[in-house]
**Student:** 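Before I ask anything, let me first share the structure, which is written out below as structure tokens.
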Number of protein chains: 2
Amino acid sequence: MKTYELVLQRVEADLAAGRLRLGDRLPGERALAAELEVSRPSVREAVRVLEAMGVVRTAVGSGPQAGAIIVAEPSSPLTSTLRLHLATRHLPMGHIVQTRVLMESWAVREAAERADTDADALEAIRRLLDAMDEPDLPRERFHVLDAEFHVALATLAGNVLVSTIMASLREAIHGYVMDAAPNLPDWPAAAEGLRREHRAVLAAVEAGDGDLAAERVAAHIEGFYQAAGVR
Amino acid sequence: MKTYELVLQRVEADLAAGRLRLGDRLPGERALAAELEVSRPSVREAVRVLEAMGVVRTAVGSGPQAGAIIVAEPSSPLTSTLRLHLATRHLPMGHIVQTRVLMESWAVREAAERADTDADALEAIRRLLDAMDEPDLPRERFHVLDAEFHVALATLAGNVLVSTIMASLREAIHGYVMDAAPNLPDWPAAAEGLRREHRAVLAAVEAGDGDLAAERVAAHIEGFYQAAGVR
DNA sequence: CAGTACCGTGTGGTCCGACCACACCGGTAG
DNA sequence: CTACCGGTGTGGTCGGACCACACGGTACTG
């Protein structure tokens, strides 16, 4: 058992037992080291891992906002882990696209069929689409808004795990999407098509037609990757 | 920019550029520190993060197996991240179950409908189910085999991301399942029911009936969590 | 008395140097 | 030729030190 794992165990146990809650501060690195009878570097390595997992956020200085604060940010670690593994080329892009289709189809079907879908959230999504109608929108900005649209869509289903995974997938592949964008021969026309498809998906959700929404979102995603030749 | 992030960037760039490949060794901690003009502790923190992400595996000693080796193990980091966030109680168990149903339903449907489903994999799954028929099987062992069965099912679909997420979900909640198992009033009868349902799911996959397989696996998962009262 | 500038204090961030346990590998003794 | 055994390089751990920073109370100023 490595020393820093001891620290991790301790923190996880404290979390599970409710001794540490969201917003609480971890004991200082020196205090934790003394308490567990390990060195400060070992504690630091553990804190780094927790930070990489999105469990704590660290800040220097003094006062309530300084130190290692317990947060719940599962998205960023998933994103960086996916990005790293994409970089190793042992995670085929096709599998990521397939997973996106799977999760987003389910999410829009779920959102369309539940009666209590958040009206404010729908309104926010409409505003996103309006922003994408802006002429002369830089490509980068378009793709960022596109990503926000898809994540917002997935969030409608009300499952934090699904929307977190969706957000991570989208962020992790953002760079690859941007690299592939020049492959589209006629960008203005392609963007127009994407806008139309977005509206169509949203319309199906609002109409409560889950099957149609799922079908449209799947075709939308697969169509884009095929056209852009992302691989 | 924190110093250890510099090291992370360097490694990710090397991976993306193909200068580091699976099985390669990272330069030694001292060498890396000298090369990037940072201290060894900073390098160590970065290596820890990479290890936590499942990108490298470290070992002491000398020779080809020592040092930090590039691996592709996306499952373990997902597992521990999920476990940690589960412990923070900001990741409802219900959402995890829902996600499992979503992904496993898709996986068995996919497996049932593709012609080239691996016969060896199916045979391995049958052996798993045979092992679960063993009388006097300890509960812990039963649940481990159960988990292996579900992960193997998900792997049939041939999507590494889906099977990885499935494996992580299953592992992350294993402890909670074990804690909840005593809630089942009549364990032998419950185990018998689970065995029957497993066989039925596999039969539907082998028969090529995707809809039936998806329906059965969804009912199986939801039924268990409802009966055991996991929350 | 009110406002402001200032410095003490505790935090994480970074670094250095040292020693340990371990696994391999090559030289050496049998 | 074989078996032993130390050399060597690896990550693992430690203690201590200094830095930059942010807060918070205090002392000074008006």
Side-chain angles (χ1 to χ4, degrees), chain A residues 1-11 14-15 20-71 73 76-77 80 84, chain B residues 1-11 14-15 20-71 73 76-77 80 84:
Chain A
M1 165 81 70
K2 291 169 188 165
T3 308
Y4 83 96
E5 290 174 350
L6 183 74
V7 184
L8 285 183
Q9 280 192 353
R10 155 65 180 271
V11 173
D14 282 354
L15 282 172
L20 280 177
R21 320 185 63 159
L22 198 69
D24 284 355
R25 290 181 39 185
L26 240 53
E29 296 180 351
R30 295 164 179 84
L32 210 46
E35 193 175 340
L36 297 176
E37 296 183 320
V38 300
S39 69
R40 196 181 153 209
S42 295
V43 171
R44 283 185 62 75
E45 290 180 11
V47 172
R48 275 283 178 270
V49 172
L50 289 173
E51 199 181 6
M53 285 181 178
V55 175
V56 306
R57 168 184 64 69
T58 62
V60 295
S62 147
Q65 289 309 307
I69 314 279
I70 306 287
V71 296
E73 193 64 50
S76 38
S80 34
L84 260 303
Chain B
M1 165 79 73
K2 291 169 188 165
T3 308
Y4 83 96
E5 291 174 351
L6 183 73
V7 185
L8 285 183
Q9 280 191 353
R10 155 66 179 271
V11 174
D14 282 354
L15 282 172
L20 281 177
R21 319 185 64 159
L22 198 71
D24 286 353
R25 289 180 41 183
L26 240 52
E29 295 180 352
R30 295 164 178 85
L32 210 46
E35 193 174 340
L36 296 176
E37 296 182 320
V38 301
S39 70
R40 197 179 153 211
S42 294
V43 172
R44 283 185 61 75
E45 290 180 11
V47 172
R48 274 283 179 272
V49 172
L50 289 173
E51 198 181 8
M53 285 180 177
V55 175
V56 306
R57 167 185 65 69
T58 62
V60 294
S62 150
Q65 289 308 307
I69 313 278
I70 307 286
V71 296
E73 192 64 51
S76 37
S80 34
L84 260 303

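All figures in this text were calculated on a predicted structure; none of them were measured in a lab. When reading the values below, keep in mind they use all heavy atoms of this one structure, side chains included, and skip hydrogens, waters and symmetry mates. Protein chains get the first letters and strands the later ones, always in sequence-line order, with residue 1 at the start of each.
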**Student:** With DNA chain D as reference, determine whether E37(A) or G63(A) sits nearer its 5' end, using the nearest nucleotide of each.
**Tutor:** E37(A)
**Student:** Think R48(B) has a side-chain N or O under 4.0 angstrom from the OP1 or OP2 of dT13(D)?
**Tutor:**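 Affirmative; the distance criterion is met.
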**Student:** For E45(A) and dG13(C), what is the distance between atoms CD and C1' respectively, to the nearest whole Å?
**Tutor:**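 After rounding, the reported distance stands at 14 Å.
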**Student:** How close or far is atom P of dG13(C) from atom CE of M1(B), stated in whole angstroms?
**Tutor:**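 Rounded to whole Å, this separation is 14 Å.
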**Student:** Figure out the NZ/C1' separation between K2(B) and dT11(C), and round it to whole Å.
**Tutor:** 13 Å
**Student:** Nearest to the side chain of T58(B), which nucleotide is it out of dC16(C), dC14(D), dG11(D)?
**Tutor:**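 Nearest to the side-chain atoms of T58(B), counting from C-beta on, is dG11(D).
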**Student:** Starting from P on dG12(C), measure out to CD on Q65(A) and report it in whole angstrom.
**Tutor:**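 Value for this atom pair: 13 Å.
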**Student:** Between Q9(A) and E5(A), is any pair of side-chain heavy atoms under 4.5 Å apart?
**Tutor:** no
**Student:** Would E45(A) and K2(A) count as a salt bridge (charged side-chain N to carboxylate O under 4.0 Å, His left out) here? Give the steps.
**Tutor:** CA-CA 11 Å; E45(A) 290 180 11; K2(A) 291 169 188 165; over 6 Å; no
**Student:** Figure out the OH/P separation between Y4(B) and dG13(C), and round it to whole Å.
**Tutor:**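 About 8 Å, once rounded to whole Å.
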**Student:** Quick one: is S62(A) getting a side-chain N or O under 4.0 Å of the dC21(D) phosphate, OP1 or OP2?
**Tutor:**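 Result: no.
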**Student:** Return the value, rounded to whole Å, for the distance between atom CG of L6(A) and atom P of dG12(D).
**Tutor:** 15 Å
**Student:** Rounded off to whole Å, could you give me the CD-to-P distance for the E29(A) and dA20(D) pair?
**Tutor:**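 Distance check: E29(A) CD to dA20(D) P gives 18 Å.
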**Student:** Can you tell me how far CZ of R57(A) sits from OG of S76(A), rounded to the nearest 0.5 angstrom?
**Tutor:** 12.0 Å
**Student:** Strictly below 4.0 Å: does R30(B) bring a side-chain N or O up to OP1 or OP2 of dG9(D)?
**Tutor:** no
**Student:** Please tell me if S39(B) has a side-chain N or O lying less than 4.0 Å from either OP1 or OP2 of dC16(C).
**Tutor:**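 Result: no.
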**Student:** Starting at CZ of R44(A) and ending at P of dG16(D), how long is that distance when rounded to a whole Å?
**Tutor:**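 The distance from CZ of R44(A) to P of dG16(D) comes to 17 Å, rounded to the nearest Å.
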**Student:** Is S42(B) close enough to dC15(C) that one of its side-chain N or O atoms is under 4.0 Å from OP1 or OP2 there?
**Tutor:**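 Yes, S42(B) has a side-chain N/O under 4.0 Å of OP1/OP2 on dC15(C).
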**Student:** Counting only heavy atoms not in R25(B), do more than 12 sit closer than 6.0 Å to its CZ atom?
**Tutor:** yes
**Student:** Applying the side chain to side chain contact (heavy atoms under 4.5 Å, CB included) test to L20(A), which of V55(A), D14(A), V56(A) qualifies?
**Tutor:**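 Only one of V55(A), D14(A), V56(A) forms a side chain to side chain contact (heavy atoms under 4.5 Å, CB included) with L20(A), namely D14(A).
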